[in-house]
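Residue numbers begin at 1 in each chain, while the letters A, B, ... track the order of the sequences.
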Number of protein chains: 4
Amino acid sequence: MIVVMRPKAPLQSINEVVGRIEKQGFRANISGGDQRTVIGVIGTSFYAEFADMLAAIPNVEAVIPVTRKYKLASREFNPVDTVIRVGDVTFGGSEVVVMAGPCSVENERQIIETAYAVRASGAKVLRGGAFKPRTSPYMFRGLAEEGLKLLAKAREETGLPVITEVMTTADVPLVAHYSDILQIGARNMQNYQLLEECGRSGRPVLLKRGLSATIEEWLLSAEYILNQGNWQVMLCERGIRSYDPMTRNCFDLTAVPLVKRLSHLPIIADPSHATGKWYLVEPMAMASVAAGADGLIIEVHPNPDHALSDGPQSLTFDNFAKMMAHLPHIAEAVGRRIGLHAYA
Amino acid sequence: MIVVMRPKAPLQSINEVVGRIEKQGFRANISGGDQRTVIGVIGTSFYAEFADMLAAIPNVEAVIPVTRKYKLASREFNPVDTVIRVGDVTFGGSEVVVMAGPCSVENERQIIETAYAVRASGAKVLRGGAFKPRTSPYMFRGLAEEGLKLLAKAREETGLPVITEVMTTADVPLVAHYSDILQIGARNMQNYQLLEECGRSGRPVLLKRGLSATIEEWLLSAEYILNQGNWQVMLCERGIRSYDPMTRNCFDLTAVPLVKRLSHLPIIADPSHATGKWYLVEPMAMASVAAGADGLIIEVHPNPDHALSDGPQSLTFDNFAKMMAHLPHIAEAVGRRIGLHAYA
Amino acid sequence: MIVVMRPKAPLQSINEVVGRIEKQGFRANISGGDQRTVIGVIGTSFYAEFADMLAAIPNVEAVIPVTRKYKLASREFNPVDTVIRVGDVTFGGSEVVVMAGPCSVENERQIIETAYAVRASGAKVLRGGAFKPRTSPYMFRGLAEEGLKLLAKAREETGLPVITEVMTTADVPLVAHYSDILQIGARNMQNYQLLEECGRSGRPVLLKRGLSATIEEWLLSAEYILNQGNWQVMLCERGIRSYDPMTRNCFDLTAVPLVKRLSHLPIIADPSHATGKWYLVEPMAMASVAAGADGLIIEVHPNPDHALSDGPQSLTFDNFAKMMAHLPHIAEAVGRRIGLHAYA
Amino acid sequence: MIVVMRPKAPLQSINEVVGRIEKQGFRANISGGDQRTVIGVIGTSFYAEFADMLAAIPNVEAVIPVTRKYKLASREFNPVDTVIRVGDVTFGGSEVVVMAGPCSVENERQIIETAYAVRASGAKVLRGGAFKPRTSPYMFRGLAEEGLKLLAKAREETGLPVITEVMTTADVPLVAHYSDILQIGARNMQNYQLLEECGRSGRPVLLKRGLSATIEEWLLSAEYILNQGNWQVMLCERGIRSYDPMTRNCFDLTAVPLVKRLSHLPIIADPSHATGKWYLVEPMAMASVAAGADGLIIEVHPNPDHALSDGPQSLTFDNFAKMMAHLPHIAEAVGRRIGLHAYA
């Protein structure tokens with residue numbers, strides 16, 4: 001941590017900063033420049049509040065952190081890629097895993113049909129929402145436990161493991177009972193109680209990036225889960241808020257190679273939410289695999305124009321099949337495999 | 001709702017859209033321009049999912065909503081300003097209410113001293129966090145129920161009503177037991193279960209704007225609370241995410257007159273979080289009152305450089321007193337009153 | 001400048017960094033923390049490219065600047081407020097100067113009528129565009145020199161000095177011939193040749209903040225003008241790009257007290273462009289004065305619904321008069337004066 | 001264009017809007033909903049100012065454009081992909097063209113060496129800045145005409161056509177004399193005089209997206225060039241401003257398939273500026289090709305840690321060669337070719 005003093009800060013202020021640093025058991029490295037004094041804080045303990053305290057001392061201009069704020073999520077802590085196994089599926093290895101299904105589970109026929117269709121095209125996990133966060137209280141909010149049961153039924157029929165969102169701590173045991181992977185949505189990325197409860201559930205967790213979260217904040221949210229002893233965490237880039245109304249979000253695909261460098265956790269891309277338009281899903285899925293994503297999560301619906309949510313960004317079975325025919329070539333080009341090829 | 005077709009959309013697609021509209025019991029107003037056809041959807045019922053369904057029909061370019069998505073929160077629904085009474089304090093009337101106190105309750109002496117100090121300068125409500133959402137799991141997260149008890153004690157001693165944050169549905173009854181106003185933080189603005197639980201609590205609720213929430217999304221979140229029959233909702237602008245690292249957030253003060261126009265709910269400004277720097281709090285508090293805010297919420301700490309959270313944006317007692325000496329002149333200039341003047 | 005090495009960076013990389021620093025004639029202050037080494041660069045010369053060079057050395061994680069990048073614009077360089085005189089008008093002193101007029105000069109009657117009307121309400125400078133930057137090539141782009149002549153005529157009749165935009169280096173002499181103040185628009189904030197040409201013109205310059213400019217970038221653009229020996233520079237906050245479509249821009253009013261702290265240059269607020277809606281102009285003008293702005297620039301048009309540009313954000317003469325009746329109370333509340341009061 | 005009235009707008013306001021529409025020679029389609037009246041404007045002429053005029057009429061809530069604002073740049077106007085030929089190189093066809101070279105031309109040896117190196121790895125065009133826009137006036141701003149001459153010399157030696165930036169209208173003839181392609185930088189995307197002057201130059205133009213430009217604004221800027229009769233325009237996505245300091249910009253790669261859908265113009269990706277970090281360039285170049293980009297522009301420098309600009313994002317010759325060995329596999333996977341493969 002580095003403390004930058006205001007120009008011409010009086011010696012008294014500098015001494016106050018140094019005193020606080022030493023009182024805390026750290027060492028102060030004073031470097032008097034021509035314009036201003038800079039004080040390095042050296043030590044081993046981890047005391048996150050201290051930066052703000054120093055910043056509040058008069059004549060301190062800025063306190064600049066030097067070490068990362070997250071630890072368990074960092075690649076320095078764990079240099080080897082984390083690999084997560086869910087049934088026969090492996091996240092973070094050489095396979096690029098495709099998860100697919102409707103935004104919401106609407107009825108038995110819809111989810112079973114979709115499960116068969118996406119499996120036939122090479123999806124390895126079935127997605128579907130039972131609890132839906134909706135901007136307006138007047139919109140369809142999911143079938144709740146009934147939806148979870150239908151997902152379980154689809155799994156039974158097709159053998160596909162299931163991923164679904166959990167929105168509140170009280171529902172974690174219920175969702176963990178039916179689902180193979182717990183999804184934490186973008187709106188809940190900083191719902192810390194939920195993060196910890198999912199951490200305690202023992203289930204693999206997919207943590208979506210918050211609407212305007214920095215990558216550091218996202219990794220710190222992962223840290224809340226890891227800190228509960230649950231190492232099965234994967235991150236999911238789903239677009240960030242932007243000023244351009246032309247797409248639903250701005251797909252920050254650079255997050256993929258950046259997260260791979262900073263962390264050992266698998267990273268999934270969600271081109272459906274990131275773009276909001278079905279015709280952009282395939283090219284951005286291709287780009288995601290080329291950028292190094294460990295998986296994709298894709299919205300597929302038998303009749304997008306009758307979907308109770310996210311129709312405009314959902315692929316039909318045909319469009320999904322087309323995309324799944326193109327993706328393996330990209331996967332091969334980056335030395336990985338995807339879809340039905342994985343069975344070869 | 002208006003459906004814009006792609007240029008040269010075939011008649012078949014247009015007919016499909018019209019069919020869907022009529023099947024739903026609405027009327028379709030077709031307007032064939034030179035370049036593209038535009039179809040108005042006319043009707044009375046409220047069917048939020050229908051827009052997305054229409055948008056997913058082939059050759060539909062865009063579906064543009066015309067009516068507001070929120071209803072109970074809108075000024076059209078309730079043209080008269082909502083006034084909320086908490087003890088002797090009135091939000092949304094001619095007084096501009098100042099709420100002040102530390103970011104976190106740290107110990108008895110700190111909260112009691114601060115309560116007396118802010119009251120002496122004209123604050124009417126005591127703020128203080130017992131449950132703290134923190135970006136990192138390694139930071140001070142509040143004293144929990146112990147903090148709530150200290151707040152209640154400070155209220156007993158000073159007579160100031162208390163506002164404090166609640167972070168999870170399970171804690172709503174506990175926090176509602178000790179606190180006069182429930183605060184929902186920015187990170188939880190779209191935690192819908194929490195919104196509804198606070199709605200059911202019967203307590204007045206202060207709803208902070210999410211980190212990157214649009215004003216429409218914010219009012220829709222208020223709608224979740226109102227929809228539970230709780231009309232005591234106030235909104236709080238606390239800055240939105242920006243690209244400039246120089247301030248903690250970007251204070252979107254225009255939200256104040258805009259919310260006053262769109263809604264009947266009181267609006268509070270939080271210049272402490274919005275700017276993140278104590279020396280910007282006073283000028284932006286002045287600006288907030290001039291823009292028409294119904295209240296302010298301000299962080300004050302006996303020793304900001306020893307605060308366990310938000311020290312850099314906290315005012316000392318002296319700086320708070322100075323600010324409170326200047327604010328009444330602005331309040332008068334906009335025909336309102338503030339602080340000790342209110343007792344006159 | 002501080003060089004942060006990657007964790008476990010080899011000694012060789014550290015030596016390389018130190019070697020480069022010393023070869024450049026600076027001193028290196030090495031501070032070996034537990035996790036990573038941090039190297040302070042100490043010296044007097046000003047070598048802006050050096051930071052990027054160090055950042056490109058292998059195993060350097062980040063290079064953090066410590067000193068400000070701008071010099072002439074900084075308050076440290078010149079602690080006293082810069083005061084700019086244009087005829088009888090003084091920017092940066094105790095008066096808050098209101099500049100008003102139409103977005104575009106459209107014809108003689110429009111500009112003369114408006115000039116008389118805004119003067120009657122207390123405006124001290126007439127604004128009006130002769131060269132208009134327009135997003136689309138198919139929109140009205142101003143009357144060019146004819147517009148400048150009409151502005152000069154309005155000045156002759158009313159005695160109001162004139163401010164108008166200049167868009168390209170070649171036009172600087174022409175615009176400087178007719179106008180008292182040169183305005184550089186948001187789109188041109190980083191048009192460096194234009195900045196320097198305006199610097200050389202000897203005329204006072206109003207520099208609008210770029211659409212997404214940081215405050216540091218804005219002050220660096222001012223530096224380009226100052227660096228030509230022209231000290232008559234004022235800054236103008238006009239809103240930054242945001243994700244919320246409800247307003248034209250996001251009015252970053254905190255820029256006002258922040259610029260006053262960082263720089264000695266006067267700062268003007270433009271609530272017309274910042275909000276884009278006429279009914280938000282008055283409350284945000286009030287807020288601007290309360291926040292400490294040295295002036296306002298306001299769009300006024302005899303018939304906003306016939307304006308060739310910016311009608312939705314233009315005040316009618318009546319609305320401008322109403323606003324000008326309210327502003328002096330705010331100005332007094334912050335110890336300043338405004339409008340006709342200034343003649344008292 | 002659709003005019004949305006405020007709820008309960010009086011008949012008089014509706015009549016005023018209709019009157020204005022008809023007076024202008026358009027037809028008004030009135031659609032009276034339960035809550036508000038919506039008026040469609042139908043007609044053929046193109047009158048861009050009219051929307052703002054209608055929006056300024058009392059009781060009009062919003063005016064929503066329905067047709068695109070750009071015309072020549074749109075795919076509807078020209079459904080066939082525009083193909084631009086520069087020497088033997090073809091943009092917008094089946095080849096993905098790589099342009100590479102240093103950010104700035106620094107000296108003869110640097111540019112000649114780099115030209116040979118990038119050609120050997122498969123680059124088809126040499127990039128290099130002679131006029132450099134720099135945030136600070138104290139930074140290296142390029143060798144100007146001397147730099148252009150060195151570029152021309154490198155072309156002579158290696159046969160690679162040259163692309164370089166032009167920053168001001170006065171320099172267009174000079175730059176057009178030496179360079180094969182004119183580059184307009186992000187800061188100048190809305191420098192309309194420069195756009196038009198480049199349009200008149202007859203040279204192919206690469207138009208970078210502005211720092212916070214919407215895709216519509218970008219296409220409107222292209223329209224300024226096309227409108228001068230110059231059809232050789234290509235667009236370049238180079239990242240947009242974001243709130244996350246971890247990358248220089250946010251690479252909005254979705255712009256690639258979106259522009260391909262909306263426009264017939266070729267689109268180039270610039271992963272060097274978009275990410276700002278050399279180690280992110282290769283994965284994002286891979287992603288760009290997978291997303292459908294027609295070309296790449298990449299910064300390469302013999303010694304990035306001695307570069308006078310953009311060192312941290314520049315590839316060494318080795319890293320460029322490695323990237324160029326990987327890209328052809330991605331190109332093949334999307335049915336295109338790239339680099340040396342093109343000669344096969």
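Top candidate by heavy-atom pairs under 4.5 Å with chain C, chosen from Cys250(B), Gly239(B), Pro245(B), Ala331(B), is Cys250(B). Most heavy-atom pairs under 4.5 Å with chain C, from the set Pro271(B), Ala213(B), Ala285(B): that is Ala213(B).
Interatomic distance, Lys277(C) NZ to Arg261(B) CZ, rounded to the nearest 0.5 Å: 8.0 Å. Note: Tyr243(C) OH to Thr214(B) OG1 = 7.0 Å, rounded to the nearest 0.5 Å. How far CG of Leu280(B) is from CG of Leu253(C): 11.0 Å, rounded to the nearest 0.5 Å.
Proximity to chain C (any heavy atom under 4.5 Å) is shown, for Ile330(B), by both the backbone and the side chain. Contacts between Ala255(C) and chain B at a heavy-atom distance below 4.5 Å are absent for every atom of the residue. Interface remark: Thr254(B) contributes backbone and side-chain atoms alike to the contact with chain C (heavy atom separation under 4.5 Å). When heavy atoms are compared at a cutoff of 4.5 Å, Ser288(C) does not approach chain B at all. Both the backbone and the side chain of Leu258(C) come within contact range of chain B, with heavy atoms under 4.5 Å apart.
Nearest heavy atoms, Met284(C) versus Ala291(B): SD-CB, 4.3 Å.
Put simply, the side chain of Pro283(C) does not reach to within 4.5 Å of the side chain of Val256(B), judged on heavy atoms. Looking at heavy atoms from C-beta onward, Asp252(C) lies out of side-chain contact with Ser242(B) at the 4.5 angstrom threshold.
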